[in-house]
Peer 1: 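Take a look at the following structure, please.
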Amino acid sequence: MRVLVISHTYIVDLNCEKLRALAQLSPDLEVTVVVPQRWRPGGVQNRIIEPELREEGRFKVIPVGNFSENNQGLLCFGPGLITLLKETRPQVIQVEQGAKSLAYAQAIALNRALRLQAKNVFFTWWNLPYELKFPVSLLEAYNLRHSHGIVAGNQDGADILRQRGYGGPIRVMPQLGVDERLFQPQPQPELAAHLGLAPETFVIGFVGRFVAEKGLLTLWQALAALKDHSRPWACLMLGRGPLRQQLEEQARDWGLCDGAKGPVFDHRIHFIESVPHTEVPRYLNLMHTLVLPSETTDQFKTLTSAGWKEQFGHVLIEAMACKVPVIGSDSGEIPHVIQDAGLVFPEGNAKALAESLQTLMEQPTTHAALAQKGYERAMTHYTNRALAQQQLDFYQELGVAP
């Protein structure tokens with residue numbers, strides 16, 4: 001099976017692990033990844049990434065000359081894509097730039113013009129309702145009409161595509177998996193000692209952006225309800241963002257700390273910034289629970305209006321792979337990721353979150369059971385190899401021969 005994947009995501013080598021795993025599933029599989037020759041992450045003017053050609057047996061990453069260096073929707077490619085399609089003659093063309101992607105429309109048109117008879121597939125994370133104006137509405141209609149299958153990163157995204165009129169096969173799975181070689185249970189006594197965390201301390205953790213939509217003020221309210229709990233606890237906040245100052249102020253106002261300043265207020269509140277991805281597992285392994293209290297904001301009505309809902313929550317599967325029980329709100333995809341392998345509470349409900357925390361603090365049997373369930377779910381559903389197998393199964397479902 002010859003698979004061609006197009007996406008700016010795979011400029012980052014770390015993001016290629018699922019596709020590498022896909023190429024290793026069978027000696028008959030060839031996976032070619034097309035990435036932009038030049039890309040500005042986040043539109044940053046003074047930072048340009050120019051990836052190099054990577055060839056690893058049946059897995060290749062090939063930079064191709066592109067138009068638009070910082071807009072996912074407008075990204076498309078020059079004549080080099082035509083040459084590559086002629087050479088590889090893929091049986092599957094998967095473009096991971098969304099339903100309204102110009103690159104996907106380009107791939108569909110070239111597939112037809114070159115008579116490749118490949119299956120057209122795209123990936124999307126989009127999980128809120130929206131309206132489109134001409135000519136973008138025509139572009140999306142064209143893409144949906146010529147799609148043989150779609151991979152949606154979340155169930156809401158799949159439901160929206162049905163509402164947009166797509167009636168073909170959809171597979172719900174995240175774009176990127178968890179590396180179980182990096183994210184695995186591993187005690188960290190030295191790091192715990194460095195942070196002043198006593199062995200009996202119950203460590204509550206968060207990893208992500210310090211922004212309102214991540215529900216951190218709700219987490220703070222839940223912690224305030226636990227400040228006099230008989231079991232000593234600490235909160236480990238891994239990340240950065242504009243809400244940091246407000247979190248510090250409210251921690252002092254609500255008696256969560258002793259009023260000190262700096263990365264560690266006292267024995268309870270720890271802020272850790274600028275941690276490389278390879279170091280995140282060390283901090284996850286300090287936690288007795290990982291909390292993702294995301295909160296949905298106003299629904300999208302147009303492409304420019306404000307709104308957000310948790311698309312997946314990748315840190316959940318990283319924590320689960322480390323055998324750390326997870327607690328998440330019911331925003332977006334979180335309940336689908338956790339299912340019965342963790343605890344889910346109504347978003348914005350600080351009392352319910354506090355009760356979930358108390359359950360894990362006071363019931364060691366429940367804590368151990370959820371740690372094991374989460375680990376098993378991560379290993380069977382969310383490793384890169386597991387996702388690669390799901391992707392291959394979907395291609396076969398579309399009628400592509402193995």
Peer 1: Do D179 and N384 have side-chain atoms, one donor and one acceptor, less than 3.5 Å apart?
Peer 2: no
Peer 1: Could you pull out the closest heavy-atom pair between P335 and S329, with the gap in Å?
Peer 2: CD-O, 4.0 Å
Peer 1: Can you confirm whether V5 sits close enough to V34 that some side-chain heavy atom of one is under 4.5 Å from a side-chain heavy atom of the other?
Peer 2: no
Peer 1: Taking the side chain as everything from C-beta on, heavy atoms only, tell me whether L219 gets closer than 4.5 Å to L217.
Peer 2: no
Peer 1: Answer yes or no: is there a side-chain heavy-atom contact under 4.5 Å between D156 and Q311?
Peer 2: no
Peer 1: Provide the closest heavy-atom pair for P129 versus I160 in the form atom of the first, atom of the second, distance.
Peer 2: N-CD1, 3.6 Å
Peer 1: Find out whether R47 and R40 are in side-chain contact, i.e. whether some heavy atom of one side chain is under 4.5 Å from a heavy atom of the other.
Peer 2: no
Peer 1: For the side chain to side chain contact (heavy atoms under 4.5 Å, CB included) test, which of L370, L343, L357 pairs with T289?
Peer 2: L357
Peer 1: What pairs of residues pass the salt bridge (Lys or Arg N to Asp or Glu O under 4.0 Å) test when at least one of them lies in residues 184-203, not counting sequence neighbours?
Peer 2: none
Peer 1: Does the distance from a Lys or Arg side-chain N to an Asp or Glu carboxylate O, for R244 and E273, drop under 4.0 Å?
Peer 2: yes
Peer 1: Do the side chains of D13 and R20 get close enough for a salt bridge, i.e. N-O under 4.0 angstrom?
Peer 2: yes
Peer 1: Cut-off 3.5 Å, side chains only: do H8 and Q97 have a donor facing an acceptor?
Peer 2: yes
Peer 1: Any idea which heavy atoms bring W220 and C235 closest together, and the distance?
Peer 2: CZ3-SG, 4.1 Å
Peer 1: So F202 and H367, would you call those rings parallel, tilted or perpendicular, with 30° and 60° as cut-offs?
Peer 2: perpendicular
Peer 1: Does a salt bridge link E376 with K373, judged by any charged N lying under 4.0 Å from a carboxylate O?
Peer 2: no
Peer 1: Report the C-alpha separation of Y283 and F206 in whole Å, then their side-chain angles, then the decisive distance to 0.1 Å, and conclude whether the ring-ring contact (aromatic ring centres under 6.0 Å, His included) test is met.
Peer 2: CA-CA 10 Å; Y283 289 90; F206 170 84; over 10 Å; no
Peer 1: Less than 4.5 Å apart, any side-chain heavy atom of P90 and any of L85?
Peer 2: yes
Peer 1: Checking salt bridge (charged side-chain N to carboxylate O under 4.0 Å, His left out) for the pair R58/E30: CA distance, chi angles, key distance, verdict?
Peer 2: CA-CA 5 Å; R58 300 188 306 277; E30 296 178 7; over 6 Å; no
Peer 1: Evaluate the side chain to side chain contact (heavy atoms under 4.5 Å, CB included) criterion for residues F123 and V95: first the C-alpha distance (whole Å), next the side-chain angles of each, then the deciding distance (0.1 Å), finally the verdict.
Peer 2: CA-CA 6 Å; F123 174 90; V95 182; over 6 Å; no
Peer 1: Side chains of V203 and W233, heavy atoms from C-beta outward: is any pair under 4.5 Å?
Peer 2: no
Peer 1: Indicate yes or no: at least one non-hydrogen side-chain atom of Q94 is less than 4.5 angstrom from one of E96.
Peer 2: yes
Peer 1: Specify whether Y130 and W126 have parallel, tilted or perpendicular ring planes, treating 30° as the upper limit for parallel and 60° as the lower limit for perpendicular.
Peer 2: perpendicular
Peer 1: Testing E333, E310, E347 one by one against S294 for a side-chain hydrogen bond (donor to acceptor under 3.5 Å, both in side chains), which residue passes?
Peer 2: E310
Peer 1: Charged N to carboxylate O under 4.0 angstrom, R231 versus E362?
Peer 2: no
Peer 1: Return yes if a side-chain donor-acceptor contact under 3.5 Å exists between Q246 and E248, otherwise no.
Peer 2: no
Peer 1: Under the side chain to side chain donor-acceptor pair (under 3.5 Å) criterion, do Q163 and D159 qualify, and how do the steps go?
Peer 2: CA-CA 6 Å; Q163 295 167 13; D159 295 341; over 6 Å; no
Peer 1: Could you check whether E318 and H314, counting side-chain N and O atoms only, form a donor-acceptor pair closer than 3.5 Å?
Peer 2: yes
Peer 1: With salt bridge (charged side-chain N to carboxylate O under 4.0 Å, His left out) as the criterion, how do E397 and K119 come out once you've worked through the C-alpha distance, each side chain's angles and the decisive distance to 0.1 Å?
Peer 2: CA-CA 11 Å; E397 179 185 328; K119 300 296 184 181; over 6 Å; no
Peer 1: Determine, using ring centers only, whether F312 and Y382 are less than 6.0 Å apart.
Peer 2: yes
Peer 1: Tell me yes or no: between the side chains of E295 and T218, is some donor less than 3.5 Å from an acceptor?
Peer 2: yes
Peer 1: Tell me the closest heavy-atom pair linking N127 and K309, and the distance in Å.
Peer 2: ND2-O, 3.1 Å
Peer 1: Examine F183 together with H277 and report whether their ring centres are nearer than 6.0 Å.
Peer 2: yes
Peer 1: Does any donor atom in the side chain of T32 or T88 lie under 3.5 Å from an acceptor atom in the other side chain?
Peer 2: no
Peer 1: Is the closest basic N to carboxylate O distance between R2 and E87 below 4.0 Å?
Peer 2: no
Peer 1: May I ask you to check whether K323 and Q372 show a side-chain donor-acceptor distance below 3.5 Å?
Peer 2: yes
Peer 1: Please tell me if the side chains of L195 and L286 come closer than 4.5 Å, counting only heavy atoms from C-beta onward.
Peer 2: yes
